[in-house]
**Student:** 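One structure, pasted below without further comment.
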Amino acid sequence: MKIKKGDTILVIAGRDRGKTGKVTSVNPTQQTVKVSGINISKKHLRPKRGAAGGGITEVAVPLSISKVMFMCSHCNKPVRLGSKTTTAGNKERICRVCKSTV
Ligand SMILES: [Zn+2]
């Protein structure tokens with residue numbers, strides 16, 4: 001998983017194609033990401049005894065990571081990510097277009 005929580009992504013497939021949003025959570029096992037404001041589904045809640053009445057809430061449905069692309073904040077484009085190892089031995093993600101660390 002190259003995409004991390006807090007990244008800005010562009011949706012490249014599906015109903016919200018062309019929209020950008022911030023990743024709110026990632027699921028490495030299922031290879032999905034949740035993005036704020038993207039893939040919102042309205043959930044109709046039935047009033048339950050003991051709980052506050054019914055209504056409609058909006059929930060973000062996870063998107064497959066193959067449907068999103070990382071948005072580079074330096075070149076402001078959807079880019080592929082590469083990785084490099086720093087002299088200190090840490091792995092860093094780099095933008096393949098402008099080569100800056102993201
Ligand atoms: Zn870039």
Side-chain angles (χ1 to χ4, degrees):
M1 292 280 284
K2 289 205 170 124
I3 289 172
K4 290 189 166 65
K5 188 177 169 182
D7 285 349
T8 303
I9 56 87
L10 171 76
V11 183
I12 53 169
R15 195 158 45 106
D16 285 320
R17 188 171 1 150
K19 287 187 188 172
T20 56
K22 208 162 204 181
V23 175
T24 54
S25 69
V26 293
N27 186 331
T29 359
Q30 292 182 352
Q31 300 277 296
T32 59
V33 290
K34 266 192 188 179
V35 186
S36 67
I38 302 291
N39 220 18
I40 296 299
S41 166
K42 287 198 167 78
K43 210 172 189 179
H44 295 254
L45 298 176
R46 206 174 282 275
K48 275 185 211 147
R49 252 175 293 163
I56 303 169
T57 51
E58 295 190 336
V59 289
V61 179
L63 278 166
S64 160
I65 55 159
S66 61
K67 290 187 177 174
V68 303
M69 270 188 94
F70 182 83
M71 282 292 283
C72 175
S73 53
H74 296 274
C75 47
N76 213 17
K77 277 189 279 200
V79 297
R80 302 241 316 256
L81 290 171
S83 63
K84 67 167 185 184
T85 312
T86 61
T87 40
N90 297 317
K91 271 209 170 156
E92 282 184 339
R93 299 182 304 165
I94 53 162
C95 165
R96 292 218 195 198
V97 177
C98 63
K99 309 287 178 206
S100 60
T101 308
V102 292

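We count ligands from 1, going down the list as the structure has it; atoms in each ligand are counted the same way. Residues take their numbers from the sequence shown, with the count starting at 1. In what follows, every heavy atom counts, from backbone to side chain, and hydrogens, waters and symmetry copies are set aside.
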**Student:** Taking only residues at least two apart or on different chains, which pairs with a member in residues 18-37 satisfy salt bridge (Lys or Arg N to Asp or Glu O under 4.0 Å)?
**Tutor:**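 Pairs touching residues 18-37 that pass the test: Asp16-Lys19.
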**Student:** Give a yes or no answer on whether the side chain of Arg17 reaches the backbone of Lys67 with a donor-acceptor pair at less than 3.5 Å.
**Tutor:**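 Side chain of Arg17 to backbone of Lys67, a donor-acceptor pair under 3.5 Å: no, none is there.
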**Student:** Under the criterion side chain to side chain contact (heavy atoms under 4.5 Å, CB included), I'd like the reasoning laid out for Met71 against Asn76: C-alpha separation, chi angles, the key distance, then a yes or no.
**Tutor:** CA-CA 6 Å; Met71 282 292 283; Asn76 213 17; 4.2 Å; yes
**Student:** Taking Pro62 as the fixed residue, which of Thr32, Asn27, Asn39 is the one that meets the side chain to side chain contact (heavy atoms under 4.5 Å, CB included) rule?
**Tutor:**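 Going through the options one by one, the only one that passes is Thr32.
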**Student:** Report, as a single number, the protein N, O or S atoms less than 2.8 Å from the Zn ion (ligand 1).
**Tutor:** 4
**Student:** Considering only Ile, Leu, Val, Met, Phe, Trp and Tyr, and joining two whenever side-chain heavy atoms are under 4.5 Å apart, list the other residues clustered with Leu63.
**Tutor:**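 Joined to Leu63, directly or through intermediates: Met1, Ile3, Ile9, Val11, Val23, Val26, Val33, Val35, Ile38, Ile65, Val68.
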**Student:** Identify, with sequence neighbours excluded, every residue that meets salt bridge (charged side-chain N to carboxylate O under 4.0 Å, His left out) alongside Arg93.
**Tutor:**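 Checked Arg93 against salt bridge (charged side-chain N to carboxylate O under 4.0 Å, His left out); matches are Asp7.
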